[in-house]
Amino acid sequence: MANDEILIHDFDPDLICDYFGRLERQGPGSPESTVRALSFIDDLSNELKIADIACGTGGQTMVLAQNTRGTITGVDICPDFIEKFNVNAQKFGFRDRVKGVVGSMDNLPFQNEELDVIWSEGAIANIGFEKGLNYLKRFLKKGGYIALTYESWFTDERPAEIEKFWVSAVPEMSTIAHNISTIQKAGYSLVAAFTLPEKCWTDTFFIPQKAIQKAFLEKNAGSKAAVTFVEYMKYEAELYSKYKQYYGYVFYIGKKI
Ligand SMILES: C[S@@+](CC[C@H](N)C(=O)[O-])C[C@H]1O[C@@H](n2cnc3c(N)ncnc32)[C@H](O)[C@@H]1O
């Protein structure tokens, strides 16, 4: 990439929403991984009250809805994503029990101990892993579950190029062992942790992006920021293919003590 000093946080949120709103998912993941994480939750036959935090357009939320009973509230800061989320909920036939609302994940519209399950794929870094775990816990009933995917290092050391890219985006990024200890210190017992397979990055994240980049650039013709953003996303994909043995997303499932 021409300018590797640019950070994801430097881009206009509207531009980011325009780009990712064209995709089924806004981060790495897959229906299989969502279902696998759900399989660690004990009481799936009950009517559960679930929140999907930073739900995007609801790719994973609809999978949750297909495999659970009860209600799901999706919360995301991007109004365009929530509009698409609610269209998806209607399309999948879940309008009566799945609802998206615009909101920030550090100021959630839930009561203390209201929720059975808090789900959040690819987004906890927006408020910080440790801070997010501590903040979200209040909304869970005792014995309630939290299920998160989070960027994690697979080794204690890694090449400078990949360290620099990810520490700029996620300053707190750490190893799986450290993240598990953070979960436990925040007052959860660890139920499971598993690494997302490579295809969660390639098949459902990087490859679909290739198909939308041309239309995104055409709509934003003349925008230098749009060109730089596409370069940034291509650079992220290149780095993944070069350094995937050093990092990835890990699904962490914890239970509030
Ligand atoms: C990597 S995407 C993941 C989206 C979705 N969970 C998925 O896996 O496809 C991160 C999401 O976090 C949302 N987001 C960023 N900051 C947020 C905040 N402060 N509050 C709520 N949502 C936020 C973005 O709009 C985006 O939808």
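We count ligands from 1, going down the list as the structure has it; atoms in each ligand are counted the same way.
- For the ring-ring contact (aromatic ring centres under 6.0 Å, His included) with Phe251, the qualifying choice from Phe194, Phe40, Tyr145 is Phe194, the only one to do so.
- Looking only at heavy atoms of the protein, atom 15 (C) of ligand 1 is closest to Asn126 ND2, 3.1 Å.
- Atom CD of Glu236 has more than 12 neighbouring heavy atoms from other residues, nucleotides or ligands inside a 6.0 Å radius.
- Interface atoms of ligand 1 facing Gly103, defined by a heavy-atom separation under 4.0 Å, are 20 (N), 21 (C).
- Annotation: atom 10 (C) of ligand 1 to nearest protein heavy atom, Gly122 O, 3.8 Å.
- In this structure, Cys55 has a heavy atom closer than 4.0 Å to ligand 1.
- The shortest N or O to N or O distance between Glu121 and ligand 1 is below 3.5 Å.
- Contact analysis puts Ser104 in contact with ligand 1, with a non-hydrogen atom separation below 4.0 angstrom.
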Worksheet item: Are Lys242 and Glu161 close enough, and set up right, to give a salt bridge (Lys or Arg N to Asp or Glu O under 4.0 Å), and what steps lead you there?
Response: CA-CA 10 Å; Lys242 199 164 159 193; Glu161 186 183 24; 2.9 Å; yes
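- Under the salt bridge (Lys or Arg N to Asp or Glu O under 4.0 Å) rule, Asp116 has a single partner from Lys141, Lys256, Lys49, which is Lys141.
- The protein heavy-atom contact nearest to atom 9 (O) of ligand 1 is Gln26 N, 2.9 Å.
- Taking only non-hydrogen atoms, the option from Met105, Glu24, Gln60 nearest to atom 20 (N) of ligand 1 is Met105.
- Contacts between Phe20 and ligand 1 below 4.0 angstrom, taking non-hydrogen atoms only, are absent altogether.
- Between Pro28 and ligand 1, no pair of N/O atoms sits closer than 3.5 Å.
- In this pair, Phe206 and Tyr240 present their aromatic rings tilted. The plane angle is within the 30 to 60° band.
- The closest side-chain heavy-atom distance from Val170 to Tyr247 is not below 4.5 Å.
- In summary, the atoms of ligand 1 found under 4.0 Å from a heavy atom of Gly56, numbered by their order in the structure, are 27 (O).
- Counting atoms of ligand 1 from 1 in the listed order, those under 4.0 Å from a heavy atom of Phe81 are 25 (O), 26 (C), 27 (O).
- Residues Ser33 and Tyr249 bring no donor and acceptor atom of their side chains to less than 3.5 Å of each other.
- Heavy atoms of Ile77 found under 4.0 angstrom from ligand 1 belong to the backbone as well as the side chain.
- Using cut-offs of 30° and 60° on the angle between ring planes, the pair Phe139 and Tyr135 is perpendicular.
- Of all the atoms in ligand 1, the ones that sit under 4.0 Å from a non-hydrogen atom of Arg25 are 7 (C), 8 (O), 9 (O).
- Protein heavy atom in closest approach to atom 4 (C) of ligand 1: Ala54 O, 3.5 Å.
- By the criterion of a heavy-atom distance under 4.0 Å, neither the backbone nor the side chain of Ser120 is placed next to ligand 1.
- The aromatic rings of Phe92 and Phe94 sit parallel, their planes meeting at an angle under 30°, below the 60° perpendicular limit.
- Look at Pro13 and you'll find every heavy atom at least 4.0 Å from all atoms of ligand 1.
- Judged purely by distance below 3.5 Å, without hydrogens or angles, the side chains of Glu157 and Tyr246 never pair a donor atom with an acceptor atom.
- Nearest protein neighbour of atom 25 (O) of ligand 1, counting heavy atoms only, is Asp76 OD1, 2.6 Å.
- No side-chain N or O of Asn179 forms a donor-acceptor pair with one of Tyr150 less than 3.5 Å apart.
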